[in-house]
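All of these numbers come straight from a predicted model, not from anything done at the bench. In what follows, every heavy atom counts, from backbone to side chain, and hydrogens, waters and symmetry copies are set aside. Lettering follows sequence order; numbering is per chain, from 1.
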Protein chains: 2
Amino acid sequence: MIKTEIIFSNLKRNGHRLTKTRKAIVSALLTSECPLSAFDLKARLLDGDVEVNKTTVYRELAFLVKHNVIHEIQFGDGKTRYRVCPDGHHHHAICVKCSKVDEIIMENDLAAHEKKLDKLINFKVLHHTLEFFGLCKACNNAELKKRAAR
Amino acid sequence: MIKTEIIFSNLKRNGHRLTKTRKAIVSALLTSECPLSAFDLKARLLDGDVEVNKTTVYRELAFLVKHNVIHEIQFGDGKTRYRVCPDGHHHHAICVKCSKVDEIIMENDLAAHEKKLDKLINFKVLHHTLEFFGLCKACNNAELKKRAAR
DNA sequence: TTTGCAAATGCAACCTGGTTGCGAAAGAGA
DNA sequence: TCTCTTTCGCAACCAGGTTGCATTTGCAAA
Ligand SMILES: [Mn+2]
Ligand SMILES: [Mn+2]
Ligand SMILES: [Zn+2]
Ligand SMILES: [Zn+2]
């Protein structure tokens, strides 16, 4: 069974409706290579001939977050982005040129640092965010080429 | 020479004016125990009988960021916060209850991880953000007491 | 000390991302 | 098909932040 079907049947099983908006948003987020903002999403739905009001988009996103289907990501540019909940915790490598986003999974995450925080200042970590900003392969190559041409 | 004087004389030396707003904002950020939003700042200036228009606050903050006196911090709640540039790179431990913010300096930061990113996916890291969200000592103690009382 | 000018300020209007109230439309089980 | 909710669209709203423009102010040269 593909991921879309799993999500849809879980929602159904929990007594939620499968509206065209709901299906379209989940599908769009599943097929997107990077997290989407509400605005991005609205545009994408329109590409697939599903016209939805922005209020509906926001409400549907809130619904899907509440039911653990998707989650929010903040890149600090004032726009909340969304993606389908991944199987595990991870971070992001965000290209400052083209905005491409890669998921980063760390073998030994920051558990040791979190324990240290507890010991040193009695701070009990509930969660953390770690984002890397820089140049993706393509953008870095482009940059190098430009520099070589001079 | 105290930090305030160093900052003021640097600004002066670079041909910038020392307006009452500028001095008040730098002083407020220097004495604040945590990063302040534009709104927080405006309120604090008013406490010190310095009334400033919000536009002026934003413009002054932009000026100070541009001249490396302060820098922005994003905690993902839609408000940009500001603090005086610290001497080095660091992270934050943010209490989800009382919003207290502690600076965290890591002995061996994430340089190894950044190198790995380069090797594995050719991503050139320019900078990163790492924030820990959880309960500060006081809030955690309060929580424990509450639970014990039941 | 006065004067001249660029830098800084206040105000009103604007922008963007996101939210709310409410009546109308549409899922889905009976 | 009927009925009960959930969901939808619309218009109005809110918060954080920005812009254009006319006025004021810091400060240094005269
Ligand atoms: Mn992690
Ligand atoms: Mn670091
Ligand atoms: Zn890129
Ligand atoms: Zn706290």
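Residue-to-nucleotide contacts include a donor-acceptor pair under 3.5 Å from the side chain of A:R59 to the base of D:dG9. Judged by atom type and distance alone, A:R22 does not reach the base of D:dT7 through any side-chain donor-acceptor pair under 3.5 Å. Residue side chain A:R17 reaches the base of D:dT6 through a donor-acceptor N/O pair under 3.5 Å, judged by distance alone.
Closest-nucleotide positions on DNA chain D for A:V52 and B:Y82 were compared, and the one nearer the 5' end corresponds to A:V52. Nearest-nucleotide positions on DNA chain D place B:R81 closer to the 5' end than the other of B:K12 and B:R81.
For A:R44, there are no salt bridge (Lys or Arg N to Asp or Glu O under 4.0 Å) partners two or more places apart in sequence or in a different chain.
Across all strands shown, B:S37 has no heavy atoms under 4.0 Å from either base or sugar-phosphate atoms. At a threshold of 4.0 angstrom between heavy atoms, the contacts of A:T21 are confined to the sugar-phosphate backbone, with no base atom among them.
Between D:dT18 and B:Y58, no contact under 4.0 Å exists linking OP1 or OP2 to a side-chain N or O. Here A:T55 does not reach the OP1 or OP2 of D:dC10: none of its side-chain N or O atoms lies under 4.0 Å away. Contact between the side-chain N/O atoms of A:T56 and the OP1/OP2 oxygens of D:dG9 is found at a separation under 4.0 Å.
If you look at A:H128 and A:H89, their ring centroids are closer than 6.0 Å.
To the nearest 0.5 angstrom, B:F132 atom CZ is 15.0 Å from B:C95 atom SG.
Of the listed nucleotides (C:dA8, C:dA28, C:dG10), C:dA8 has the atom at the smallest distance from the side chain of B:T19. The side chain of A:K54 lies closest to C:dT19 when the candidates are C:dG10, D:dT25, C:dT19.
A cation-pi contact, defined as under 6.0 Å to the ring centre and within 45° of the axis, is absent between B:R81 and B:F75.
Separating the CZ atom of A:F63 from the P atom of D:dT5 is a distance of 17 Å, rounded to the nearest angstrom.
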